[in-house]
Amino acid sequence: MDMQNGRTITSVSGDSYSSVFSELHALGDRSTTALFSLDAEGNITAYSGSLTADANAMIGTSIFSESNPLNVLSPYFEFLIAGDTISENCVLEDRRYRVTLIPIKFNKSIVSISGTLIRNSDIELTLSKLTEFQRHYLLLSQYSSDIITSLDDQGSVTYASPTLQRVLGYSSGDLIGGPIYELFSGEDTRAKKRVFSKILSQLPGQSTSYRIQRKDGEFIWLETTTRAILQGTQEDPKEILTVSRDVTERKETEERLLYLANYDSLTGLPNRALFRDRLRRAIARAQRNDTRVALLFLDLDRFKNINDSLGHQAGDQLLRGVARRLKHYARKGDTIARLGGDEFTVILEGINHPDDAAVVAKKILELMEPAFKVDGHEVVASPSIGITVYPDDAADMRTLLKNADTAMYRSKERGRNRYQFYTSDMNAKAYQYLLLENNLRHALEREEFCLHFQPQLDLHTQGIIGIEALLRWNHPEQGLISPENFIPFTEETGLIIPIGQWVLRAACKEAMHWQRSGLAPVRVAVNLSMRQFRQKDFVNMVAEALDESGLEAKYLELEITESFLAHNVEQATAILRDLHDLGVQLSIDDFGTGYSSLNYLRNFPLNTLKIDQSFVQDISKNPEGATIAEAIIALGQSLGLNVMAEGVESEDQVFFLRGRGCDQVQGYLFSHPLPSDQVMSWMRRNRKHQTLYEQHHLWPEAARL
Ligand code: C2E
Ligand code: MG
Ligand code: MG
């Protein structure tokens, strides 16, 4: 039996609600009862029962037709149309039945007649079944955690189950007769009505979720499924049964998940996924409107240094600070995203000229100028910015991103804290860089590395106190390449371990070679990378290099940077103590650029502090630069360390340093880094104090200060 074809109950779907209806069908079967409805013309619109072999064939037939088994009811019809309810005994095929016919009115006219035909002998059984069914239905509607309502086509509530009060705070009396959508969230009644008609028009089993206001004013999410059209048709329902449940928790979880999938949890900025989506849309819009989109790619300068020396928490704090400044500056419609690490992007839409992007980039640089307060430290986080413009530089997203990245790297190469537009010749250079990386892997075995040596002098005695070994890569095609262009890469890949070991052994060997050539013993300084320092058998490796070359430990100096000390203090102390016990000298390179704690400095067995060349160069540029250099010298002295100034290029600087009691110097003014044979001749030439004295006639004057 298929009630779906009928009109009284058009759609029934799923679970317990439909089981109520199917029980009703079963009832019709077992008691040889017919349940049916007629339209106002006497045609059968729904039928279930077993008066005929094919129940479906009854639908659409008229009770006025002689062959229709229900023809026996035709005399009652005019009374029904007049509005009377009929309850009579009748005889059909020699059996006695009780017939009940009820006219159903809508807007004062009869729209249908519903009827039951029950064999007299079955009446009691049927009635008790019906009562049981009614009890089930009531229990179901009362104890269900869902709200069951019936609504008319205007959205007015005609019935509401008691759960309504628990979920929405309204009693059914509060709501009956009023349109339910009035409680939907939103200002606009038309929008609310749209949601309501969506609920009405959904197919059986489909659901709609929307926000609705509780009596106490709070908004919650309901999900409503239309379970059955109780009156009317699917296309034009007069009364519908809806089942709604509170899905606020699920909605909030969904929203949270959506947020997590699209936003960076550290800064609250859009993440890579959302950024890509926004860029894709921005490009599509620009294509349609014939406008431009600029993409800015930002990377913080020396962020790794900050992370290494102050720790990840401080790094995170800084990233949040950067995000806050960027967000604050953003125009409505711009997208600022964090792609990960210290990489940020800005999408600028609707710009007329690429220069507009430069204005923004300049503004961002300015915005980042003031130091950030991180963990009690003042930290400067200048960005390097790469800019690329759609459609000028590329027509697709992937290429745009690649271009912005390339331009950003170029801006870093050109000295950081600046912006750089993408140009088409950059790709060729990026390719060269890739090739470089590839070749670097083979440079050691191909013996392409060599060391250059730069003398370090004592202003006081005017003698050589040491020589710094500086790594060079002698590339077969590109000639000598500066360590700054490849050391970072070797650190990333771990290549620094074998390369660093080579440097150490080569420097010790070279220092011995000088001694054996008759020059006075001189200390050789070797630069270390953090990664080497953390190597498990690092101290043994140093001892072996000394043994192998025959160099006495006191003639080896290891240069470390501040970040070594700040990272893992206990481990660093242990290693430095072992090195100190071995007899090697220890110095801090580029002092002033990291974030070492003075407390720690005091506890490490250090010998020398090398003032970073940026401060030395600032001496002659501005008074603040001079003040900083002066403070560092005083600090080194108070810690009982030798203070060496690196990058000394001018006589003014010597003058100043000497005046402040800094006696050790290294820089182009005295000598550039030189190949081994040339540094040997340099040492021979400058062996006598007098030679130096004559060359740098300024010294006596400086000494007079
Ligand atoms: P650093 O240890 O601070 O070395 C000093 C750098 O300043 C050297 O650059 C040197 O050539 C340059 N310099 C010296 N005097 C002057 C001057 O008067 N003016 C100016 N403007 N510069 C001067 P270089 O050789 O390019 O080395 C750069 C950096 O690469 C080094 O800085 C060091 O951090 C790193 N490095 C060099 N060799 C090695 C190595 O064997 N291992 C590791 N891990 N790093 C190395
Ligand atoms: Mg150095
Ligand atoms: Mg240095």
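First listed ligand is number 1; within each ligand, the first listed atom is number 1. In what follows, residues are counted from 1 in the order of the sequence shown. The analysis underlying the following values was restricted to heavy atoms, covering all of them including side chains, and did not include hydrogens, waters or symmetry mates.
Distance alone, capped at 3.5 Å, places no donor-acceptor pair between the Q678 side chain and the P675 backbone.
Protein residues having a heavy atom under 4.0 Å from any atom of ligand 1 are Q454, E468, L470, L471, R472, S482, P483, E484, I487, V503, N527, L528, S529, E559, D589, D590, Q613, Q617, E646, G647, V648, E649, G667, Y668, P673, listed by chain and number.
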Residue pair L641, N607: steps toward the side-chain contact (heavy atoms from CB on, under 4.5 Å) verdict
CA-CA 5 Å; L641 301 174; N607 304 89; 5.8 Å; no

Checking D590 against E562 for the side-chain contact (heavy atoms from CB on, under 4.5 Å) test, could you report, in this order, the C-alpha distance in whole Å, the side-chain angles of both residues, the deciding distance, and whether it holds? CA-CA 8 Å; D590 305 338; E562 281 168 276; 6.0 Å; no

Item to complete: I would like to know whether F344 and D264 meet side-chain contact (heavy atoms from CB on, under 4.5 Å); could you show each step before the answer?
Response: CA-CA 11 Å; F344 294 84; D264 166 40; over 6 Å; no

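Heavy atoms of other residues, nucleotides or ligands lying less than 6.0 angstrom from CD of E445 number more than 12. Within a 6.0 Å radius of CD in Q571, more than 12 heavy atoms belonging to other residues, nucleotides or ligands are found.
Take Q501 and apply the side chain to side chain donor-acceptor pair (under 3.5 Å) test, not counting sequence neighbours, and it matches no residue. E544 pairs by the side chain to side chain donor-acceptor pair (under 3.5 Å) definition with nothing, not counting sequence neighbours.
Protein nitrogen, oxygen and sulfur atoms, that is N, O or S, within less than 2.8 Å of the Mg ion (ligand 2) amount to 4.
With E468 as the partner, the side-chain hydrogen bond (donor to acceptor under 3.5 Å, both in side chains) test is satisfied by one option alone out of K610, R523, Q454: K610.
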